[in-house]
Amino acid sequence: MNGNLTFTMIKPTAFKNNSAGAILKMINEAGFVIKAMKLTRLTPELAGEFYAVHKARPFYGELVEFMSSGPIIAALLEKENAVEDYRTLIGATNPENAADGTIRKLYATNLQQNAVHGSDSDDNANIEADFFFSKMERF
Ligand code: CMP
């Protein structure tokens, strides 16, 4: 392996504003290598499981509803310093606070529909990748 891994989801936002291709282009141009990828749709149960860490938060119900409202792209990305570099590329969780030129600044609709998810640690990158990908689906 040439670097570290991070996990991303391109959220249903990107299928409402047709930005999935542009987001993938930004990911490649920033030097991330795609190690696994799938277009899929989460059921409410699976979206709830993925975001279980936020279960007690007031926005949990809406988050689960939104994340199961349409297709997503799940992807495992490799790069040196992947987790931190990807969080820099996507920008702040709330697009209003995201730096110019970041994925969320360019393509997010609002805090909930913020275009992409990115792992917050190496451990979570592995946990999140295991949620979506078997060994046979990783390259
Ligand atoms: P994500 O990186 O996918 O991780 C959890 C998601 O919850 C986050 O992006 C936002 O889309 C959403 N989120 C976080 N805080 C709030 C909030 N205060 N209100 C609504 N949604 C939120």
Side-chain angles (χ1 to χ4, degrees):
M1 195 171 76
N2 297 312
N4 314 96
L5 295 172
T6 192
F7 171 82
T8 189
M9 276 190 290
I10 301 180
K11 299 188 179 189
T13 332
F15 295 89
K16 289 174 182 148
N17 63 17
N18 206 22
S19 58
I23 291 171
L24 286 170
K25 185 165 187 277
M26 284 183 73
I27 289 171
N28 274 153
E29 286 179 351
F32 291 87
V33 176
I34 296 170
K35 305 296 283 184
M37 185 164 75
K38 66 175 67 164
L39 176 65
T40 186
R41 181 171 177 167
L42 291 166
T43 61
E45 291 72 27
L46 285 171
E49 199 183 316
F50 184 88
Y51 282 113
V53 66
H54 296 301
K55 205 164 194 160
R57 310 286 285 277
F59 58 82
Y60 178 71
E62 281 179 14
L63 176 64
V64 167
E65 190 181 334
F66 171 63
M67 289 303 295
S68 54
S69 70
I72 58 135
I73 289 175
L76 184 60
L77 307 175
E78 184 183 80
K79 185 184 181 298
E80 266 177 42
N81 207 28
V83 167
E84 196 183 328
D85 285 4
Y86 192 64
R87 289 173 76 80
T88 301
L89 178 68
I90 67 180
T93 306
N94 187 340
E96 283 179 22
N97 304 324
D100 284 347
T102 59
I103 290 174
R104 283 171 170 158
K105 186 70 170 191
L106 289 166
Y107 298 113
T109 305
N110 54 41
L111 172 58
Q112 182 196 72
Q113 303 192 21
N114 63 352
V116 287
H117 166 80
S119 305
D120 63 6
S121 67
D122 290 355
D123 284 351
N124 280 338
N126 283 308
I127 292 167
E128 291 168 359
D130 288 348
F131 190 91
F132 282 92
F133 300 115
S134 70
K135 282 184 188 160
M136 285 174 64
E137 295 172 312
R138 301 173 192 219
F139 299 93

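Counting starts at 1 for both ligands and their atoms, following the listed order.
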Residue pairs, two or more places apart or on separate chains, that pass ring pair (Phe, Tyr, Trp, His ring centres under 6.0 Å) and touch residues 59-89 | F32-Y86, H54-F59

For L42 and S68, which heavy atoms make the closest approach, and how far apart are they?
-> O-CB, 3.1 Å

Non-hydrogen atoms of S19 and Y107 that approach each other most closely | CB-CD2, 3.5 Å

Going from CZ on R87 to OG1 on T6, what distance comes out if it is rounded to the nearest 0.5 angstrom?
-> 8.0 Å

Give me the ring orientation class for F50 and H117: parallel if the planes are under 30° apart, tilted from 30 to 60°, perpendicular past 60°.
-> perpendicular

For K38, does the NZ atom sit with more than 12 other heavy atoms under 6.0 Å from it, leaving out its own atoms?
-> yes

Non-hydrogen atoms closer than 4.0 Å to ligand 1: which protein residues do they belong to? List them by chain and number, please.
-> K11, Y51, H54, F59, L63, T93, R104, L111, Q112, N114, H117

